[in-house]
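One structure is given below, encoded as structure tokens.
Residue numbers begin at 1 in each chain, while the letters A, B, ... track the order of the sequences.
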2 protein chains.
Amino acid sequence: MHDSDDLKKIFPSFSDELINEIETNAIHQSYKAGEVIMRTGQYINNTLLVTKGQIKIYREGENGGEFFMYYLQPGQACAVSMICATQSQTSQIMAKVVVDVELIMIPLSLMEKWMMKFRSWYEFVLFTYRTRFEEVLEVVDSIAFRAMDERLEFYLKRHAEACGCKDLKLSHQEIATELNTSREVISRLLKKMEQRGLLRLHRNQIELLT
Amino acid sequence: MHDSDDLKKIFPSFSDELINEIETNAIHQSYKAGEVIMRTGQYINNTLLVTKGQIKIYREGENGGEFFMYYLQPGQACAVSMICATQSQTSQIMAKVVVDVELIMIPLSLMEKWMMKFRSWYEFVLFTYRTRFEEVLEVVDSIAFRAMDERLEFYLKRHAEACGCKDLKLSHQEIATELNTSREVISRLLKKMEQRGLLRLHRNQIELLT
DNA sequence: TATAAACAGTAACATTTATCACATTGTGCA
DNA sequence: TGCACAATGTGATAAATGTTACTGTTTATA
């Protein structure tokens, strides 16, 4: 499914020995768009490395809410799975595939061994922790300090960054769910943004102009 | 300031060798209530271990907001300082002393060395990451899914746990600031809670009855 | 003790967000 | 083509939260 060159491209910071270890030990897995990879409360025994596709990470509310936290992209690892894996804890988040995904599963035991053995793995793990922690703190900012209009802009910006394009394939209902508000509110705010010239609205698609 | 026995009591999971290393290498520091230990944007070169007192961790907003995130207690370490320290990054949070604090500062270089050398340190670091990450996720829940009345209850509950008592020395203004709302809103909600028999209001003090 | 400052209560009103009801439009497919 | 359905637009209204203004009380301290 992957050869060393591929892996080296996706995880450029990994040392050659580490790449070799991954090659020989890892389990490959793929998922289709729409699938839920991980559910809240599920036990985690592996660390996940994404090699292809896109995953969205959500925090689930008691009443079925699905609050969007962040994207997982190729070359990234699931911080929650790393933290939990080291102690066989349950997942605090839900992960849903957006674009068909291929990933590598690293068993708990290896994850720990590598921390001691490979400097580049150690640094990757800490980098993952740090960037995710910071991203979650930014999410806290957006809900703690900002009103829905700014939160919506923040949301759209992050989605544009993730897909690397200006045309977002999102319905108003989808956005509303992921921001834990109602469709009408999103429709109205989007309409205002369109009037301000920030974007153009189409069916199932938002074209950013900025 | 500390002898090994003290440290062993505060950090019971640490191995004897690790305690020794801390004894010989660490820098001790103390701060008075009200002091700000760490500011947003400040560079971090040390990992902080709390041995005494209480610290509150905030996320700062652009307009001077101080959103309460979590408490740091004796026996705990600042997760942000650990993550940042390993890469000499700046702090994403602000730390304010609530009860006179004594803490141990571990230089960056040692922090890394110990990860490889002491199993109990490695586990402590990962445990710290995990529990803080989870705590921040709970904070996200409270603001993403809940209205101000429930957020206030969550806030009061956490403060009661931190001080281990039912009498919270907090002004309405203080609470309002830390939840990023206005004093009037907090006064109203507290009054309602008093009417529901959940607490009794006094000047600068809230007596929980549940 | 006199005075200022911090704290708390509350009413009136503005704004934002949530909810309900229903109309309109685009798309896929029988 | 035309039906069914999802997506979107919009007005009316309710509820929550934010703002302003003013009150009285307690505390600190000059």
Exercise for review: Please determine, by modelled atom types, if Gln73(B) and Gln54(B) share a side-chain donor-acceptor pair under 3.5 angstrom.
Suggested key: yes
What is the distance, to the nearest angstrom, from the [atom1] atom on [X] to the [atom2] atom on [N]?
X	N	atom1	atom2	value
Ile186(B)	dA6(C)	CD1	C1'	18 Å
Glu174(B)	dA8(C)	CD	P	9 Å
Lys169(B)	dT26(D)	NZ	P	17 Å
Lys192(B)	dT17(D)	NZ	C1'	10 Å
Leu189(B)	dG9(C)	CG	C1'	14 Å
Leu179(B)	dG18(D)	CG	C1'	15 Å
Asn180(B)	dT19(D)	CG	P	10 Å

So that I can tick it off, tell me whether [Y] and [X] are bridged by a salt bridge, with the cut-off set at under 4.0 angstrom between side-chain N and carboxylate O.
X	Y	value
Arg146(B)	Glu153(B)	no
Glu178(A)	Lys56(A)	yes
Asp141(B)	Arg59(A)	yes
Glu60(A)	Arg39(A)	no

Write down the protein N/O and nucleotide N/O pairs, taken from nucleotides 8-13 of chain D, whose separation is under 3.5 Å; answer none if there are no such pairs.
| from | atom 1 | to | atom 2 | distance (Å) |
| --- | --- | --- | --- | --- |
| dT8(D) | OP1 | Asn204(A) | N | 3.0 |
| dT8(D) | OP2 | His172(A) | N | 2.8 |
| dG9(D) | OP1 | Lys191(A) | NZ | 3.1 |
| dG9(D) | N7 | Arg183(A) | NH1 | 3.2 |
| dG9(D) | O6 | Arg183(A) | NH2 | 2.9 |

Check your understanding: Taking five pairs at each end of the helix from dT1(C)-dA30(D) to dA30(C)-dT1(D), what angle separates the two helix axes (nearest 10°)?
Key -> 30°
Practice item. Look at the aromatic rings of Phe68(A) and His159(A) and report parallel, tilted or perpendicular, splitting at 30° and 60°. Key: tilted
Practice item. Kindly indicate, with the supporting measurements, whether the criterion side chain to side chain contact (heavy atoms under 4.5 Å, CB included) is fulfilled by Leu190(B) and His172(B). Key: CA-CA 9 Å; Leu190(B) 283 174; His172(B) 297 186; 3.5 Å; yes
Exercise for review: Check DNA chain C against residues 147-155 of chain A and give the residues with a non-hydrogen atom under 4.0 Å, in numerical order.
Suggested key: Ala147(A), Met148(A)
Point to revise | Neighbour count above 12 (heavy atom, 6.0 Å) for Lys192(A) NZ | key: no
Exercise for review: Decide whether a cation-pi geometry holds between Arg132(A) and Tyr70(A); the criteria are a distance under 6.0 Å from NZ or CZ to the six-membered ring centre and an angle within 45° of the ring axis.
Suggested key: yes
Point to revise | Donor-acceptor contact present, side-chain Gln205(B) to main-chain His202(B), <3.5 Å | key: no
Review point. Would Tyr58(A) and Phe67(A) count as a ring-ring contact (aromatic ring centres under 6.0 Å, His included) if you check the C-alpha gap in whole Å, the side-chain angles of each, and the deciding distance to 0.1 Å?
Key: CA-CA 5 Å; Tyr58(A) 301 88; Phe67(A) 188 80; 9.1 Å; no
